[in-house]
Engineer: 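Supplied in structure tokens, the structure appears directly below.
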Amino acid sequence: MARIIAGVGTSHTPAIGASVDNGKSGEPYWAPLFQGYEPAKAWMARTRPDVVIMVYNDHVNAFDFKIIPTFALGCADEFPIADEGWGPRPVPPVKGYPELAAHLVQSLVLDEFDMTIVNEMQVDHGLTVPLTLLCGTPAAWPCRVIPLAVNVIQYPAPTGHRCYMLGKAIRKAIESWDEDLKVVIFGTGGMSHQIQGPRAGLVNTPFDIAFLDGLSRDPQRLAGIPPLEYLREAGAEAIELVMWLIMRGALGERVEEVHRFYHVPASSTAVGNIILESR
Amino acid sequence: MTDGKRKEKEEAYEDIPGTWVFDAQRARAGYHLNEFLYSLMKAENRKAFLGDEAEYTSRFRMTEDQRQAVLRRDWNRLLELGGVSYALAKLAFTDGKSYQFMASRMTGMTEKEYVEMMLKGGRSPDGWRSKSERPGKA
Ligand SMILES: [Fe+2]
């Protein structure tokens, strides 16, 4: 049987990817961040998942405004890297797992989560930056990736509670797949940040730390945070954090926090990283 | 129902200062503006736009207000008129500028001041939670 063995929460700030792509990751501005990700990278190399479910959002790259799916599951066997306006990131293409993705869609829809099925899709920094942070710069990504894109750009994003419940349904779906697979699920985006208007640059470290604490100790409380609280307390773009609740929901009741890192800033963003193993 | 348009009651998030939440009404009003911005993902469109901004923008069904705000790079006005920051960033990239540059312009700081604020831990939410905390200000 396939199993979700762990979850990774991480920011996906585009400037992090750009710093690697432009050979700047050793500079004083970036070095502390990459140092902070070293344990997570080592964990990833040790854990060697067969499949990663990457919960992320597209930033007006794969989807423009013609169609805005709330939850979209990538069912292709390969996902090309998007040109976001300065050329595609020089990273390997992302290999999917269409058979397992098809199973996920079927199971999730019957569990009343109406996924949008996406058979062709380019992926942007929301998906590739977490891979870079956890896997470095290999010639090919070490595992297959199933993208799960969430609308967090046009208000309202799905609620935290909805996301948490979707995570639980994903766990159930994975456990009904009859193949020995180690699956790791990523929740990406955040943490506190705002990149629009006179309030841009907002960071709320106490909010972020409480969010990280809640992931291991009280996810039910986090699932109850209303959208307005994310916007007001942690910045207009911090609503991305609901995607971490899909990850948390997919881990079952008991988890052990095996790693945490927090750093300000990466561009306009407070960066967080947590690894939770299912127990 | 005064002018034939339904007026929604004000949403609670409109009380957050210095922020235009990209909600369904703003997305509706900004649709053609955002489609224009999306077109700048292609190198040939970036070139055409920079070659003749007035002509290129006239190909899109945005309002004259939106068009003028594009030509002026009036970032906050573009947010107010339904532009979304991730799409606006493509205009900044077309100008050879970064996200951080665009964000700094929105705050009225220089890019250097903005970067320094971030290095010091960012903008505190204190004083920025409600418009009632900022009478007469952004
Ligand atoms: Fe994002």
Side-chain angles (χ1 to χ4, degrees), chain A residues 13-15 18 28-29 57-61 63-66 68 82-87 122 124-126 152-157 192-208 226-239 264-270, chain B residues 11-13 15-24 26-27 30-31 34-35 37-43 46 75-76 79-80 83-94 98-100 102-109 114-115 117-125 128-130 137-138:
Chain A
T13 320
Y29 184 96
N57 68 287
D58 178 73
H59 305 77
V60 199
N61 291 307
F63 306 117
D64 59 354
F65 295 91
K66 290 187 184 70
I68 304 174
D83 178 350
E84 305 186 32
W86 62 86
Q122 302 200 336
D124 75 4
H125 69 264
V152 290
I153 293 195
Q154 179 169 328
Y155 181 92
S192 57
H193 68 304
Q194 174 153 337
I195 51 165
Q196 61 127 310
R199 203 173 77 133
L202 187 123
V203 169
N204 187 338
T205 297
F207 179 97
D208 291 339
L228 180 62
E229 194 173 323
Y230 288 100
L231 302 178
R232 207 194 284 282
E233 291 298 321
E237 279 68 43
I239 194 70
V264 180
S267 188
S268 292
T269 315
Chain B
E11 297 280 357
Y13 51 74
D15 175 53
I16 303 172
T19 304
W20 289 276
V21 174
F22 187 66
D23 64 5
R26 225 163 247 135
Y31 180 74
N34 287 317
E35 287 293 300
L37 294 164
Y38 186 75
S39 77
L40 298 177
M41 277 176 74
K42 291 209 172 100
R46 294 196 285 272
W75 304 105
N76 284 332
L79 289 168
E80 193 181 352
V84 65
S85 56
Y86 298 107
L88 290 171
K90 299 187 191 304
L91 179 56
F93 301 152
T94 299
S98 65
Y99 255 118
Q100 205 154 238
M102 181 181 80
S104 70
R105 297 318 307 139
M106 289 168 171
T107 63
M109 294 178 186
Y114 183 84
V115 171
M117 174 182 78
M118 293 314 302
L119 281 168
K120 286 185 188 136
R123 180 192 305 283
S124 164
W128 282 95
R129 287 185 174 87
S130 164
K137 287 187 259 173

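Letters A, B, ... are given to chains in the order of the sequence lines, protein chains preceding strands, and every chain is numbered from 1. What you see is a predicted model, and the numbers here were worked out from it, not measured in a lab.
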Engineer: Of the backbone (N, CA, C, O) and the side chain (C-beta and beyond), which part of A:I68 lies under 4.5 Å from a heavy atom of chain B, both, or neither?
Structural biologist: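 Neither part, no heavy atoms under 4.5 Å.
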
Engineer: What part of A:Y29 lies closer than 4.5 angstrom to a heavy atom of chain B: side chain, backbone, both or neither?
Structural biologist: side chain

Engineer: Within the structure provided, determine whether A:S268 and B:Y114 are in side-chain contact (heavy-atom separation under 4.5 Å).
Structural biologist: yes

Engineer: Please state whether the side chain, the backbone, both or neither of B:Y31 comes within less than 4.5 Å of a heavy atom of chain A.
Structural biologist: side chain

Engineer: Please classify the contact between B:T19 and chain A as side chain, backbone, both or neither, with a heavy-atom cut-off of under 4.5 Å.
Structural biologist: both

Engineer: At a heavy-atom separation under 4.5 Å, does A:P14 approach chain B through its side chain, its backbone, both, or neither?
Structural biologist: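 Side chain of A:P14 only, per the 4.5 Å heavy-atom cut-off to chain B.
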
Engineer: With rounding to the nearest 0.5 angstrom, report the NZ to CG distance, A:K66 to B:N34.
Structural biologist: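 If I round to the nearest 0.5 Å, the distance is 11.5 Å.
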
Engineer: Need one label for A:T269: side chain, backbone, both or neither, based on atoms under 4.5 Å from any heavy atom in chain B.
Structural biologist: backbone

Engineer: Let's test your reading of the structure: which of A:I239, A:N204, A:T205 forms the most heavy-atom pairs below 4.5 Å with chain B?
Structural biologist: A:N204

Engineer: Please tell me if the side chains of B:R26 and A:Q154 come closer than 4.5 Å, counting only heavy atoms from C-beta onward.
Structural biologist: no

Engineer: For B:M117, is it the side chain, the backbone, both or neither that has a heavy atom under 4.5 Å from a heavy atom of chain A?
Structural biologist: side chain

Engineer: Is B:L79 in contact with chain A via its backbone, its side chain, both, or neither, using a 4.5 Å heavy-atom distance?
Structural biologist: side chain

Engineer: Under 4.5 Å between any side-chain heavy atoms of A:R232 and B:S130, yes or no?
Structural biologist: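 Side-chain contact under 4.5 Å: yes.
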
Engineer: Measuring only between side-chain heavy atoms, which start at C-beta, is B:W20 closer than 4.5 Å to A:R199?
Structural biologist: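 Contact flag for B:W20/A:R199 side chains = no.
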
Engineer: Find out whether A:L228 and B:E11 are in side-chain contact, i.e. whether some heavy atom of one side chain is under 4.5 Å from a heavy atom of the other.
Structural biologist: no

Engineer: Any side-chain heavy atom of B:T107 sitting closer than 4.5 Å to one from A:Q194?
Structural biologist: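 No. Closest side-chain heavy atoms not under 4.5 Å.
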
Engineer: So for B:N76, is it side chain, backbone, both, or neither that comes closer than 4.5 Å to the heavy atoms of chain A?
Structural biologist: side chain

Engineer: Taking C-beta and beyond as the side chain, do B:M106 and A:I195 meet within less than 4.5 Å on heavy atoms?
Structural biologist: no

Engineer: Identify which part of A:Y230 has an atom lying under 4.5 Å from any heavy atom of chain B, answering side chain, backbone, both or neither.
Structural biologist: neither

Engineer: Just wondering, do A:L231 and B:V21 contact through their side chains at under 4.5 Å, heavy atoms?
Structural biologist: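 Touching, per the 4.5 Å side-chain cut-off.
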
Engineer: A:A15, A:P156, A:G201, A:A270: which one forms the most heavy-atom pairs within less than 4.5 Å of chain B?
Structural biologist: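 With the most close heavy-atom pairs to chain B, the winner is A:G201.
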
Engineer: Could you pull out every donor-acceptor pair under 3.5 Å between side chains of residues 83-91 of chain B and any protein atom, sequence neighbours left out?
Structural biologist:
residue: B:K90; atom: NZ; partner: A:N61; partner atom: OD1; Å: 2.8
residue: B:K90; atom: NZ; partner: A:E84; partner atom: O; Å: 3.2

Engineer: Quick one: pull up CE in B:M41 and CG in A:D83 and give me the separation to the nearest 0.5 Å.
Structural biologist: 6.0 Å

